[in-house]
Amino acid sequence: DDAGVAAGEALAKMKCAACHAIGIAGTSTLAKATPLRDFAIATADEKHSEALDAALAKRHGQLVKLTPEDLRLLVVYLGHLKNQNGLPRK
């Protein structure tokens with residue numbers, strides 16, 4: 001839904017944009033940070049929120065703390081990015 005996408009985008013801006021490109025275009029500020037649109041291809045499905053949480057913990061450790069609702073919103077936003085790139089959701 002549009003509200004979930006907007007909330008997920010706002011969360012991405014707040015928690016991810018310092019290092020990652022968060023839109024459908026652009027480069028990440030930190031060269032080794034994967035753009036969220038590329039990450040979306042592999043993870044954008046509601047059932048993947050646990051996998052996303054595990055990946056964040058592994059790559060970011062204590063840097064990024066997200067609530068279950070934050071994870072849900074990020075997955076919604078990743079699904080939006082995936083759709084914007086012309087890739088169907090699973």
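Computed over heavy atoms, backbone and side chain alike; hydrogens, waters and symmetry mates excluded.
- Expressed to the nearest 0.5 Å, how far CD of E69 lies from CG of L11 amounts to 9.5 Å.
- Applying the side chain to side chain donor-acceptor pair (under 3.5 Å) test to T67 and every residue at least two apart in sequence or in another chain returns D70.
- Residues P35 and S28 come closest through the heavy atom pair N-OG, 3.6 Å.
- Taken to the nearest 0.5 Å, the CG atom of L78 stands 11.0 Å off from the CG atom of L73.
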Side-chain donor-acceptor contacts of residues 14-26 below 3.5 Å, not counting sequence neighbours, with atom names and distances?
| residue | atom | partner | partner atom | Å |
| --- | --- | --- | --- | --- |
| K15 | NZ | K65 | O | 3.4 |
| H20 | ND1 | T34 | O | 2.6 |

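- One finds the OH atom of Y77 at 15.5 Å from the CZ atom of R72 (value rounded to the nearest 0.5 Å).
- With rounding to the nearest 0.5 angstrom, the CD atom of E9 is 11.5 Å from the CG atom of L74.
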